[in-house]
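Here the structure comes first, spelled out in structure tokens, and everything after it is commentary.
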Amino acid sequence: MDKLLDRTWTGGLTFPIGVNKNLVIDTINAHSYNVAQKDKEFYDALMNSDIMIPDGVGAVFASRFLFGKKIKKIAAWDLMIWELERLEKEAGKCFFLGSSSRVLDLIVKRAADDYPNVNISVFSPPYKPVFDENDNNKMIEAVNSFRPDVLFVGMTAPKQEKWVASVVDRLDTGHICCIGATFDFYARTVERAPEWMVRYSMEWLYRLLREPKRMWRRYVVGNPKFLWFVFLTKLGIR
């Protein structure tokens, strides 16, 4: 039976708070599942996370089809908004790690209007496939000197999940949320799907239509591949 898909979170938008330090919240969708099948480090990072939310209709379908779990999609966007609204009530602190300085500046500007009670800090890491120890030290120092209640990491999957897994024991924070493209959505540098498409689980189609050259392999090839994996799992073949 597939252990990775069986780890999907069933608690909705309610996560442990208050007593958890370095609580890692990752996301799972058809694409990340496919990548994890051939990237053991990524697979291990997802398996070792504390919570894994179903960020995609594929993960929701698989959880219901394979394990009978009646769950709903929780997008990384939903996770970010839930955390920010919680911090707004508590006058808490959050840290955005990843993306470019321009995107981070736009995030800070928008969040100042949306969540004026939240204290925000940011750091833009260098654009590298793999960070060296000097890079890691700078990022960890930036986070730990601020001691955020929530750390948002936006470096795209699987890079962000693998990075968090490799340094989690050195971080001093509360929740650690790997949310990828949500940085661009919130900064409005990339347009998110209209609400009606999100509501009907068609966000993937919107991204495909907007960026067909970049997204066709992920969705046109990846989605059928994911369903094939799921059906093989149901038959007990893998």
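The basis for the numbers below is simple: all heavy atoms, side chains too, and nothing from hydrogens, waters or symmetry mates.
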*Steps toward ring-ring contact (aromatic ring centres under 6.0 Å, His included) verdict (Phe183, Phe96)*: CA-CA 8 Å; Phe183 277 42; Phe96 286 85; 5.3 Å; yes

*asked:* Within the 4.5 Å heavy-atom criterion, are Leu97 and Trp163 side-chain neighbours or not?
replied: yes

_Looking at Asp6 and Lys69, is there a salt bridge between them, counting it only when a charged N and a carboxylate O are closer than 4.0 Å?_
yes

_Minimum heavy-atom distance between Leu106 and Thr189, given as atom pair plus value_ = CD1-CG2, 3.6 Å

*asked:* Does Arg110 have more than 12 heavy atoms from other residues, nucleotides or ligands lying within 6.0 Å of its CZ?
replied: yes

*Going through the checks in order, is the side chain to side chain donor-acceptor pair (under 3.5 Å) test met by Arg192 and Thr182?*
CA-CA 9 Å; Arg192 195 180 182 218; Thr182 305; over 6 Å; no

_Salt bridge present between Lys128 and Asp132 (N-O < 4.0 angstrom)_ = yes

*Are the charged groups of Lys162 and Asp39 less than 4.0 angstrom apart, N to O?*
yes

*Salt-bridged, Asp172 to Arg147, with N to O below 4.0 Å?*
yes

*Angle class for the Trp77/Tyr186 ring planes (parallel below 30°, perpendicular above 60°, tilted otherwise)?*
tilted

*Check whether more than 12 heavy atoms from other residues, nucleotides or ligands sit under 6.0 Å from atom CZ of Arg188, and answer yes or no.*
no

*Enter the distance from Leu5:CG to Ser63:OG here, rounded to the nearest 0.5 Å.*
6.0 Å

*Is a salt bridge present between Glu85 and Lys89, judged by a nitrogen-to-oxygen distance below 4.0 Å?*
no

*Salt-bridged, Lys138 to Glu141, with N to O below 4.0 Å?*
no

*Using the rule that two of Ile, Leu, Val, Met, Phe, Trp, Tyr join whenever any of their side-chain heavy atoms come within less than 4.5 Å, decide whether Phe152 and Phe95 are in one cluster.*
no

*Output the distance between atom CG (Leu151) and atom CE (Met139), rounded to the nearest 0.5 Å.*
10.5 Å

_Contact summary for Phe61 and Val230, nearest pair of heavy atoms_ = CE2-CG1, 4.1 Å

*Taking only residues at least two apart or on different chains, which pairs with a member in residues 206-216 satisfy salt bridge (charged side-chain N to carboxylate O under 4.0 Å, His left out)?*
Glu191-Arg210, Glu211-Arg214

*Does Asp105 come within less than 4.0 Å of Lys109, counting only side-chain N to carboxylate O?*
no

*Check against side chain to side chain contact (heavy atoms under 4.5 Å, CB included), Ile179 and Val153*: CA-CA 6 Å; Ile179 60 174; Val153 184; over 6 Å; no

